[in-house]
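Let me begin by presenting the structure, written as structure tokens, before commenting on it.
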Amino acid sequence: MPYAIALTVVLVALSAFQLTLALGAPWGHFAWGGQHRVLPTGLRIGSGVSILVYALIAVVAWDRVGAIDVFPDLFSDIAMWVVFGYFVLGIAMNAISRSKPERYTMVPVVIGLAVLSLLIALG
């Protein structure tokens, strides 16, 4: 359960960051390829959707560790491996970003999320 707590803390922090981006904060150079200081409407919507994705990931993690019972066990087992793959892909995507602030900030964050999700998936 400590891994699910840590994962959730990071996801809550990322959700807060994405919310500020969706509301127009000038931190776009840390996300979405770093092309925009203030995100355009489409990427602001993407930031809002990211918050929902993070919430779903947290629910899957808590279900996987047995703290809640939302999904069938097989679903949460497989879904947690999908989450791990999602974060591994996120490492690669952030690593190739043209934005140095995004690379230097988000790559370590997503590596941490990948490690935590792997530990949860391994059970």
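This is a predicted model, so every value here is computed, not measured.
- A perpendicular orientation is assigned to the rings of F17 and F30, their planes being inclined by more than 60° (bins at 30° and 60°).
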Report the C-alpha distance between M106 and L14 in whole Å, list the side-chain angles of each, state the deciding distance to 0.1 Å, and finish with yes or no for side-chain contact (heavy atoms from CB on, under 4.5 Å). CA-CA 10 Å; M106 298 311 268; L14 283 174; 3.6 Å; yes

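- The backbone N or O of S76 sits nowhere less than 3.5 Å from a side-chain atom of R64 that would complete a donor-acceptor pair.
- P108 pairs by the side chain to side chain contact (heavy atoms under 4.5 Å, CB included) definition with nothing, not counting sequence neighbours.
- Using a 4.5 Å cut-off on side-chain heavy atoms (C-beta onward), W81 and L118 make contact.
- Residue V53 is grouped with residue V83 when hydrophobic side chains (ILVMFWY) are merged at heavy-atom distances under 4.5 angstrom, including chains of intermediate members.
- Listed by chain and number, the residues in a side chain to side chain contact (heavy atoms under 4.5 Å, CB included) with A6 are L116 (sequence neighbours excluded).
- By the 4.5 Å heavy-atom criterion applied to side chains, L7 and I57 are counted as neighbours.
- Residues passing the side chain to side chain contact (heavy atoms under 4.5 Å, CB included) test with L56, sequence neighbours excluded: V60, F71.
- At least one side-chain heavy atom of W32 sits under 4.5 Å from a side-chain heavy atom of S47.
- At least one side-chain heavy atom of Y54 sits under 4.5 Å from a side-chain heavy atom of Q18.
- Between V38 and L21 there is no side-chain heavy-atom pair separated by less than 4.5 Å.
- Although no hydrogens or angles enter the test, the distance criterion places a donor-acceptor pair under 3.5 Å between the side chain of N94 and the main chain of G90.
- You'll find the side chain of F87 stays beyond 4.5 Å of the side chain of I111, heavy atoms only.
- Proximity of W62 to I5: side-chain heavy atoms (C-beta onward) are separated by under 4.5 Å at one or more points.
- Q35 has its side chain out of reach of H29: every pair of non-hydrogen atoms, C-beta onward, lies at least 4.5 Å apart.
- Going from atom CZ of R103 over to atom OG1 of T105 covers 10.5 Å, rounded to the nearest 0.5 Å.
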